[in-house]
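Values reported hereafter were calculated over all heavy atoms of this structure, with side chains retained and with hydrogens, waters and symmetry mates removed. Numbering of ligands and ligand atoms starts at 1, following listing order.
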Amino acid sequence: MPSKVDAAVKRFMEGVIQRNAGQSEFIQAVQEVAQSLMPFYLDHPDYVKAKILERMTEPDRIIIFRVTWEDDNGDVRADRAWRVQFNNSIGPYKGGLRFHPSVNLSVLKFLGFEQVFKNSLTGLPMGGAKGGANFDPKGKSDREVMRFCQSLMVELHRHIGEDTDVPAGDIGVGAREISYLFGQYKRMENRWTGMLTGKGLSFGGSLIRTEATGYGTVYFMQNMLEHRGDSMEGKVCTVSGSGNVAIYTIEKLTQLGAKAVTASDSGGFIYDPDGITPEKLEWIKDLKEVRRGRISEYADEFGCEYHAGKRPWVVPCDIAFPSATENEINGKEAEELVKNGCIGVAEGANMPSDLDAVKVYLKNKIMYGLGKAANAGGVAVSGLEQSQNALRISWSRDEVDGKLVEIMKNIHAKCVEYGNEGDWVNYVKGANIAGFVKVADAMMSYGVV
Ligand code: NDP
Ligand code: 2IT
């Protein structure tokens, strides 16, 4: 006999699967939330009666549009773009834009859904959204990227604004893309407003926003360790990715006396047992942000191992920081991590662990900081960028970093409040319930809308 909770999850998920046929990433993200939230949800018949969970898993609206542009050869290109405005109950829609050939509606719905909970956890007034395009910036010239961004903004500008929806970066959307997007919006609207975050420092960007996701993820792990009477000092860490999140994760790890021994990209991973020092990290920043090269070049430069087509989870470590993309750790890899002595995982990426991997972490009671809690520092500092823009001021580096530290500490405390299970903390349960409550209460107040 299935328990009342299992039966309710099954019934609920049958509806979700039917309404979202084929959207595997979105279904996966909802499944994780439904499993951990259901006991709490059933204990609150007012939420059940108002169908809050059904309403929260249906986006407010989705905008889909064509982006036509001309490449350097004069050939016409047509890509597809989306903005998923998921839920604005607690503030204007907020969430990144992703440019990658794998982008589709399922991926953006999963990211938008997670963003609703994540933004709620930050304690700031931000709703959840996500957007992007199946455009691949790899191998494109700066002029091509500019033309694509300008064409995308011609449509997107109608749907966003500082009090409506505030996009930012994600995979494939960094400082260069945000600058082109912002320039085009400003030109079309004849208004300077904080309708995008992650802007350059000369035009309204916030100090620490570039570093915030990586730094915040490490702060979150530091909080989990301290809760157990441990620290980052001396920990050997594996990191995946070599983009924005991975780079600043590695930077903060080194500052706190830990050692990052891997980095990767879609081609494979490097293993540097001596650790990625600040000097080597500067080299990676130049490689990825200026030369736009491949991580395999690191192995040639510094004489370490490169494993083509492989992921770094086979390398023994104390703590793992998946910082590349979704579903990059499966159940088998999670088993391998635990077997090799890994005591914690902090997700800089969104949903990098699949449902089997999550099961392995929970079964072994390792410290598992899921993405919507651990990587919330990025969007939190985006929220602080919005505040600075609205106030027409800029805070110092230390001021913003101090606020980030405080926000990550508060998120950790909320996870402990809702996820404490006696001898350990179930951060999945904690983050999902804490993120849910604020949004659900706002929705309840609005009545049937
Ligand atoms: P970047 O584009 O800066 O870097 C992405 C990195 O991940 C690159 O090294 C890239 O390798 C690798 N990668 C991307 N897709 C794949 C794939 N399918 N398989 C293997 N490797 C892949 O993105 P970010 O660092 O900004 O984002 C990384 C993750 O962090 C994403 O999950 C994102 O959603 C999440 N995140 C980002 C935030 C931010 O503020 N930027 C905030 C919170 C979460 P390659 O160059 O070869 O493609
Ligand atoms: O996944 C994320 O939280 C982001 N890509 C950052 C979103 C934001 O609005 O800063």
When you measure from atom 5 (N) of ligand 2 to each heavy atom in T213, N244, D170, which option holds the nearest one? D170
Is it true that K339 and E336 make a salt bridge, defined as a side-chain N closer than 4.0 Å to a carboxylate O? yes
Considering only non-hydrogen protein atoms, determine which one is nearest to atom 10 (O) of ligand 2 and report residue, atom name and distance to 0.1 Å. S382 OG, 2.5 Å
Please step through ring-ring contact (aromatic ring centres under 6.0 Å, His included) for the pair W82 and F65, ending with a clear verdict. CA-CA 6 Å; W82 296 258; F65 54 100; 8.8 Å; no
Nearest neighbour in protein (non-hydrogen) for atom 2 (C) of ligand 2: K118 NZ, 3.3 Å
Could you pull out every protein residue that has a heavy atom closer than 4.0 Å to ligand 1, ordered by chain and then number? R98, H100, K118, K138, D170, I171, G172, R209, T213, G241, S242, G243, N244, V245, S264, D265, S266, R294, S323, A324, T325, G348, A349, N350, N375
With respect to E114, which candidate in K130, K372, K109 satisfies the salt bridge (charged side-chain N to carboxylate O under 4.0 Å, His left out) definition? K372
Mind checking whether G198 has a heavy atom under 4.0 Å from ligand 2? no
Is it the case that N327 and E25 place a side-chain donor and acceptor less than 3.5 Å from each other? no
Which heavy atom of the protein is the closest neighbour of atom 6 (C) of ligand 2, given with residue, atom name and distance? R209 NH2, 3.6 Å
Within less than 4.0 angstrom of ligand 2, does R98 place any heavy atom? no
Proximity to ligand 2 by part of N350, non-hydrogen separation under 4.0 Å: side chain
Any salt bridge between R66 and D79, counting N to O under 4.0 Å? no
D165 and Q85 side chains, donor-acceptor separation under 3.5 Å: yes
In terms of atom number and element, which parts of ligand 2 are under 4.0 angstrom from non-hydrogen atoms of A168? 8 (C), 9 (O), 10 (O)
Which heavy atom in E282 sits nearest to a heavy atom in E251, and how many Å separate them? OE2-OE1, 4.5 Å
The closest protein heavy-atom partner of atom 7 (C) of ligand 2 is G96 N, 3.5 Å
Kindly say whether the aromatic ring centers of Y271 and H307 come within a distance under 6.0 Å. no
Tell me if the aromatic rings of F182 and W192 count as close, with their centers under 6.0 Å from one another. yes
If you measure from each heavy atom of E114 to ligand 2, is any distance below 4.0 Å? no
Does F135 have its ring centroid less than 6.0 Å away from the ring centroid of W69? yes
Does M126 reach ligand 2, in the sense of a heavy atom lying below 4.0 Å from it? no
Distance-only side-chain donor-acceptor flag, N330 / D356, under 3.5 Å: no
Look at atom CZ of R55 and say whether more than 12 heavy atoms of other residues, nucleotides or ligands are closer to it than 6.0 Å. yes
Measure from atom 1 (O) of ligand 2 to every heavy atom in K372, K130, Q386, K94 and give the option owning the shortest one. K130
